[in-house]
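To start, the structure under review is shown below, and the notes come after it.
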Amino acid sequence: QVQLVESGGGLVQAGGSLRLSCAASGRTFGNDAMGWFRQAPGKERELVAAISWSGHNTYYADSVKGRFTISRDNVKNTVYLQMNSLKPEDTAVYYCAAARRYNPNAYYTRPNEYDYWGQGTQVTVSS
């Protein structure tokens, strides 16, 4: 079992930055590919960024490329999402998720590929 706890959300003006953290506890974190998803009111949950277990491979949604960076520290059991140049359309609840697939270089893009989810953290970007 893996428990995931997100932090770092909040209210920020357009153009600002936030850094989300997701701390994992329980079983070994380093075996998990990780992802950050978001869900805005009335919209489906969408993948924002994903990172492989090794940290060598990453994926970004087109809407955040060049603005967001996903990273991980397997010693600290934490994955991060650095969000720069935030836009009002980035407003959503952000969730981290873990995929236990034992493939060190794979990342995953579909919600049903993830086994564990955090409770989410609200990000609100004002115009």
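No hydrogens, no waters, no symmetry mates; every other heavy atom, side chains included, goes into these values. All residue numbers refer to positions in the sequence shown, counting from 1.
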Taking all non-hydrogen atoms of both residues into account, name the closest pair between [X] and [Y] and its distance.
| X | Y | value |
| --- | --- | --- |
| Ala33 | Ala106 | CB-O, 3.6 Å |
| Val79 | Ile51 | CG2-CG2, 4.2 Å |
| Val2 | Ala24 | CG1-CB, 4.2 Å |
| Asp90 | Ser85 | OD2-O, 4.5 Å |
| Val48 | Val64 | O-CG2, 3.5 Å |
| Met34 | Ile70 | O-CD1, 4.3 Å |

Pairwise distance [atom1]([X]) to [atom2]([Y]) - rounded to 0.5 angstrom:
| X | Y | atom1 | atom2 | result |
| --- | --- | --- | --- | --- |
| Gln39 | Glu44 | CD | CD | 8.5 Å |
| Glu6 | Cys96 | CD | SG | 4.0 Å |
| Thr78 | Leu4 | OG1 | CG | 10.5 Å |
| Asn77 | Gln3 | CG | CD | 11.5 Å |

Using modelled atom types and a 3.5 Å cut-off, is there a donor and acceptor pairing between side-chain atoms of [X] and backbone atoms of [Y]?
| X | Y | value |
| --- | --- | --- |
| Arg72 | Gly55 | no |
| Arg100 | Tyr116 | no |
| Thr91 | Val125 | yes |
| Ser54 | Pro104 | yes |

Does the side chain of [X] reach to within under 4.5 Å of the side chain of [Y], using non-hydrogen atoms?
| X | Y | value |
| --- | --- | --- |
| Tyr80 | Asp73 | yes |
| Phe68 | Leu18 | no |
| Arg38 | Glu46 | yes |

Which residues share a side-chain contact (heavy atoms from CB on, under 4.5 Å) with Ser126, sequence neighbours left out: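 In terms of side-chain contact (heavy atoms from CB on, under 4.5 Å), with neighbours along the sequence ignored, Ser126 is linked to Leu11, Gln13.
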By side chain to side chain donor-acceptor pair (under 3.5 Å) - contacts of Ser71 (at least two apart):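 Checked Ser71 against side chain to side chain donor-acceptor pair (under 3.5 Å); zero matches.
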Output yes when Asp62 and Lys65 qualify as a salt bridge under the 4.0 Å nitrogen-oxygen rule, no when they do not.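 A salt bridge links Asp62 with Lys65.
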Using a 4.5 Å cut-off between side-chain heavy atoms of Ile, Leu, Val, Met, Phe, Trp and Tyr, which other residues end up in the same hydrophobic cluster as Leu47?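 ILVMFWY cluster around Leu47 also holds Phe37, Tyr59, Val93, Tyr95, Tyr107, Tyr108, Tyr114, Trp117.
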Side-chain donor-acceptor pair present, Asn105, Ser52, cut-off under 3.5 Å: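 Note: Asn105 and Ser52 side chains miss the donor-acceptor criterion.
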